[in-house]
Structures are given as C-alpha cells and as structure tokens.
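Notes follow once the structure below has been shown.
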Amino acid sequence: ADLSLDLLAADYALARYGEIELAPREDRRAVDRWRVLRRRLAVRPAGMTVRATADGSEPPAPDAELPVDLEPRRTF
C-alpha cells in the first residue's frame with residue numbers, strides 16, 4: 001500500500017500541532033507528496049465531469065501551488 005497520504009498527514013501534524021519545524025529536506029518531500037497525491041486524485045474515469053466548488057468557482061488545477069492560508073476553516 002502507498003504510505004504517501006499517511007506520511008503527509010504525519011508531517012502536517014508535526015508542523016501544525018507539534019509546533020515542530022520540518023527540516024528543508026522533509027518540507028520538500030511533504031510538498032512533493034502533496035503534488036503527487038493531487039495529481040492522482042485529479043485523474044477521473046472517462047465520462048466523469050468536473051464539478052464546481054461550493055462557491056461556484058472551478059476547482060484548482062492538480063499542479064496548483066499549496067494555499068498560503070493552511071488554517072483549518074471553522075464551521076459551527
């Protein structure tokens with residue numbers, strides 16, 4: 001099984017909740033994992049259409065950069 005998502009989640013948890021700064025090499029690996037996972041998730045079976053996001057805009061391209069604001073959105 002592919003551990004990319006698990007490793008990316010672990011990197012995020014360390015940086016976000018553990019307040020541990022990742023080494024530059026680990027940071028690059030995490031970003032690479034994110035890009036690979038985005039590309040994999042963007043592959044759709046033939047005939048499947050792309051749906052707009054909740055605000056009506058088009059979803060970002062699979063190779064789009066990471067968002068600047070990674071704060072979790074709070075919903076009540």
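Quantities reported herein were computed from a predicted structural model and do not represent experimental measurements. Positions are given from 1 along the sequence.
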Check your understanding: Which ILVMFWY residues can you reach from V36 by hopping between side chains whose heavy atoms are under 4.5 Å apart?
Key -> none
Revision key, fill the gap. Sorted by chain and number, sequence neighbours left out, side-chain contact (heavy atoms from CB on, under 4.5 Å) with I20 holds for L14
Exercise for review: For residues 19-30, pull every pair meeting salt bridge (Lys or Arg N to Asp or Glu O under 4.0 Å), keeping only residues two or more places apart or in separate chains.
Suggested key: E26-R29
Point to revise | Test side chain to side chain contact (heavy atoms under 4.5 Å, CB included) applied to W34 and D11, L8, L5, the passing residue | key: L8
